[in-house]
Amino acid sequence: MPALSDGNPAVRVHARRHPLRNLWRLHPYLRPYAAEFSWLLVAALAATAAGLAVPLVVQRVVDGPVARHDEAGLLRLGALALALGLAEAVLIFIRRWTQSSSSVGMEAAIRADIYAHLQRLPAGCHDRWQSGQLLSRITGDLSVIRRFLSFGLLFLVLNLVTYAAVVVLLIRLHPWLGLLVAASAVPLFLISRRFARHYHAASRRMQDQQGDVATLVEETALGLRTARAYGRGPELATRFSTGARALHDTGIGKARLLARTSALFDLVGNLTLGVVLVAGATAVARGGLTIGELVAFVSLQLMLIWPVQSLGWIIANGQEAATAADRIQEVLDTPPAIVDAPHARALDRAEVCGRLRFERVGFRYPGGAPVLREIELTVEPGETLALVGATGCGKSTLLSLVPRLHEVTTGRITLDGHDLRDLRLGSLRRLVGVAFEEPTLFSMSVWENLTLGRPEAGEDEVRAALALAQAEFAYDLPWGLATRVGEQGLSLSGGQRQRLALARAVLGRPALLVLDDPLSALDVHTEALVEAALRRVLRDTTALLVVHRPSTVALADRVALLDRGRIVAVGTHSALLAEVPAYRAVLSAEPDRRHDGAGLVRS
Ligand SMILES: Nc1ncnc2c1ncn2[C@@H]1O[C@H](COP(=O)(O)OP(=O)(O)O)[C@@H](O)[C@H]1O
Ligand SMILES: [Mg+2]
């Protein structure tokens with residue numbers, strides 16, 4: 001996991017073609033809810049219309065029945081105003097009711113897509129992205145977008161329509177005063193634009209910082225034991241409080257920006273209102289405007305207060321949604337590098353002999369120097385080949401090419417003559433049983449962890465795999481195989497985790513076994529047992545093992561010596577010992593870790 005940093009430039013700095021472009025690109029998710037959103041808008045607009053009609057009725061009341069002391073007319077118009085008010089209330093209720101369900105459904109749809117996409121991404125991306133960043137994107141950012149689509153966007157449309165409608169009505173009541181109110185839109189627009197620009201930068205910073213804090217919390221939870229053991233608690237706490245403080249400062253900055261801007265909006269609104277009141281009173285005195293018209297004029301203008309006041313909030317919300325959409329699209333835009341070729345076919349376990357060939361294979365990590373060069377290697381059906389080499393020479397990388405976790409850069413790997421890239425990924429990965437250096441267990445039951453790649457596996461197969469890996473301790477766990485192992489299997493010892501991972505790899509008798517140092521964390525006694533058991537599986541499975549200790553090299557039929565990404569010697573253990581000094585050097589330099597116990601940090 002990459003360390004917490006100011007952020008990964010490769011991930012964060014993105015060309016922004018248009019601030020709202022990425023938000024707009026989410027529109028396909030709205031389509032299923034188009035009908036719902038239209039009803040929403042209709043209800044909202046109708047509510048606004050009912051609201052706008054009330055001041056006009058009041059105008060009639062003041063200039064008609066009130067001026068003429070006409071009680072029947074007063075009742076009639078009063079009833080109309082009441083009905084309009086009721087209609088507005090009902091329509092607003094309908095709007096609120098529909099509002100929530102559609103946006104929540106849309107949020108769920110985007111989230112499901114991101115998650116599915118994350119699973120298709122090449123392993124390299126997950127190395128590059130901090131998990132906390134992903135976490136905050138998949139939770140926080142999506143909620144921001146949902147809030148914008150369900151409230152911000154609606155009110156933006158609604159407020160613009162209200163503004164336009166009020167201005168038209170005002171101009172009809174009194175052209176000059178109406179135009180004055182219309183002109184107040186100019187400063188409002190300028191203030192909004194400036195605000196949007198500043199707010200955008202702040203909200204992106206804040207969202208990235210939220211991701212950093214999430215990463216730190218997650219790392220602390222996972223690395224708690226290591227941190228405690230090294231007495232690094234206080235240092236982690238300092239790092240956390242620095243991150244939290246930065247987040248806090250950005251939050252305050254944002255809030256102050258919003259406060260300042262809202263004050264400006266209020267100022268413009270109130271100044272306009274003041275001018276209208278003075279000018280309107282003068283007009284009434286000169287007989288250019290009736291009292292009823294002035295009342296209507298001022299009431300209508302008061303209806304603009306909320307739209308103007310909420311403008312700052314809506315822009316802020318829109319900016320946050322736009323940056324959230326940027327962050328989400330950054331994930332969705334990362335192409336899944338390793339996918340099925342159009343012509344890819346599936347291979348049945350029964351038709352596979354298991355002849356694995358590396359043909360002039362070269363590999364480099366994106367942006368890195370070549371890690372593997374010109375690898376020529378054949379593992380015959382049923383043969384066990386051990387890979388030996390110094391730390392960092394590319395052993396784990398070589399293994400990861402077999403289940404296609406990374407794609408070869410040059411050359412090709414074949415299984416029974418089929419280029420691996422011509423096989424369906426799903427099919428290939430069912431043929432290959434894998435155990436990595438860090439035996440990852442997910443926070444689910446032992447059974448689910450074991451049958452991860454073969455959910456259809458039966459009781460007998462699981463029992464056989466557990467027996468083979470000397471992992472029968474699993475039956476003695478509090479709830480047997482139903483025991484949920486904690487996050488990353490922390491509640492098990494390193495050796496136990498490794499044996500479960502081994503059982504997972506051999507479950508269902510895969511055609512190819514790829515094991516990265518499968519015995520590293522075992523104690524002497526278990527190691528001997530697992531070794532004996534492994535020898536039985538390896539007899540009829542093609543296997544590629546990374547091995548560190550001389551004692552386990554004995555498992556292999558042949559050994560390949562890897563040096564800085566090249567195969568420098570291949571042969572039997574005894575032949576290499578006798579003839580290749582470099583081989584002797586690597587094996588003797590490799591300390592025999594039998595007595596070190598579990599949990600060593602390895603290459
Ligand atoms: N995900 C990665 N991205 C970039 N470089 C990597 C990655 N994983 C390993 N490397 C580099 O590739 C080289 C070989 O690593 P690895 O295959 O893990 O060696 P080994 O397993 O033999 O110790 C090392 O120099 C390592 O730094
Ligand atoms: Mg390794």
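As the structure is a prediction and not an experimental result, all values here were calculated from the model.
- Between E380 and T542, every side-chain heavy-atom pair lies at or beyond the 4.5 Å cut-off.
- No more than 12 heavy-atom neighbours from other residues, nucleotides or ligands sit within 6.0 angstrom of CZ on R360.
- Panel note: side chain T552, backbone V547; no donor-acceptor pair is recorded below 3.5 Å.
- Residue E459 places its CD atom among 12 or fewer non-hydrogen atoms of other residues, nucleotides or ligands, all under 6.0 Å distant.
- Shown are T378, D419, D416; of these, the side chain to side chain donor-acceptor pair (under 3.5 Å) with R357 is made only by T378.
- The closest donor-acceptor contact from the side chain of Q498 to the backbone of D517 lies under 3.5 Å.
- Taking CG of L500 as the reference point, atom CG of L507 lies at 11.5 Å (rounded to 0.5 Å).
- When all heavy atoms of L23 and A321 are compared, the closest pair comes out as CD1-O, 3.7 Å.
- Using a 4.5 Å cut-off on side-chain heavy atoms (C-beta onward), R558 and V379 make no contact.
- More than 12 non-hydrogen atoms from other residues, nucleotides or ligands lie less than 6.0 angstrom from CZ of R345.
- Of the possible donor and acceptor atoms, one in the side chain of H27 sits under 3.5 Å from a partner among the backbone N and O of W24.
- Using a 4.5 Å cut-off on side-chain heavy atoms (C-beta onward), L512 and L431 make no contact.
- Rounding to the nearest 0.5 angstrom, the gap separating the CG atom in L385 from the CG atom in L356 is 9.5 Å.
- The residues E407 and R421 are annotated as not salt-bridged, no charged nitrogen and carboxylate oxygen being separated by less than 4.0 angstrom.
- The two atoms that bring L216 and F240 nearest to each other are CD2-CA, 3.4 Å, heavy atoms only.
- In this structure a side-chain-to-backbone donor-acceptor pair under 3.5 Å is present from T323 to E320.
- Using a cut-off of 4.0 Å between Lys/Arg side-chain N and Asp/Glu carboxylate O, E461 and R454 are scored as not salt-bridged.
- Atoms OG1 and CD, from T572 and E579 in turn, are 8.0 Å apart once rounded to the nearest 0.5 Å.
- Considering only heavy atoms from C-beta on, H343 comes within 4.5 Å of D422 through its side chain.
- Few gaps surround CZ on R349; more than 12 heavy atoms of other groups in view lie less than 6.0 Å from it.
- Contact between A390 and V586 at its shortest, heavy atoms only, is N-CG1, 4.2 Å.
- Within 6.0 Å of atom OH in Y475, more than 12 heavy atoms from other residues, nucleotides or ligands are found, so the atom counts as buried in its surroundings.
- R404 places a side-chain heavy atom less than 4.5 Å from the side chain of R429.
- Counting heavy atoms from C-beta outward, I145 and Y29 have side chains that stay 4.5 Å or more apart.
- The line from CG of L466 to CZ of R463 is 8.5 Å long, rounded to the nearest 0.5 Å.
- Between the side chain of N449 and the backbone N or O of M444 there is at least one donor-acceptor pair closer than 3.5 Å.
- Between the side chain of K395 and the backbone N or O of L387, no donor-acceptor pair lies under 3.5 Å.
- For the side chain to side chain donor-acceptor pair (under 3.5 Å) with D208, the lone residue among R205, Q210, R204 that qualifies is R204.
- No donor-acceptor pair closer than 3.5 Å links the side chain of T451 to the backbone N or O of A457.
- Residues V546 and F436 form no side-chain contact, since every pair of their non-hydrogen atoms from C-beta on lies 4.5 Å or further apart.
- Counting all heavy atoms, side chain and backbone alike, P510 lies closest to T541 at O-CG2, 3.2 Å.
- Across A578 and R584, no two heavy atoms sit closer than the pair O-NH1, 3.4 Å.
- Atoms CZ and CE, from R111 and M106 in turn, are 10.5 Å apart once rounded to the nearest 0.5 Å.
- Looking only at side-chain heavy atoms (C-beta outward), L562 and I375 come within less than 4.5 Å of each other.
- Judged by distance alone, with hydrogens and angles left aside, the side-chain atoms of D340 form a donor-acceptor pair with the main-chain N or O of L425 at under 3.5 Å.
- Annotation for L576 and A569: closest pair CD2-CB, 3.8 Å, computed over non-hydrogen atoms.
- Applying the ring-ring contact (aromatic ring centres under 6.0 Å, His included) test to Y583 and every residue at least two apart in sequence or in another chain returns H573.
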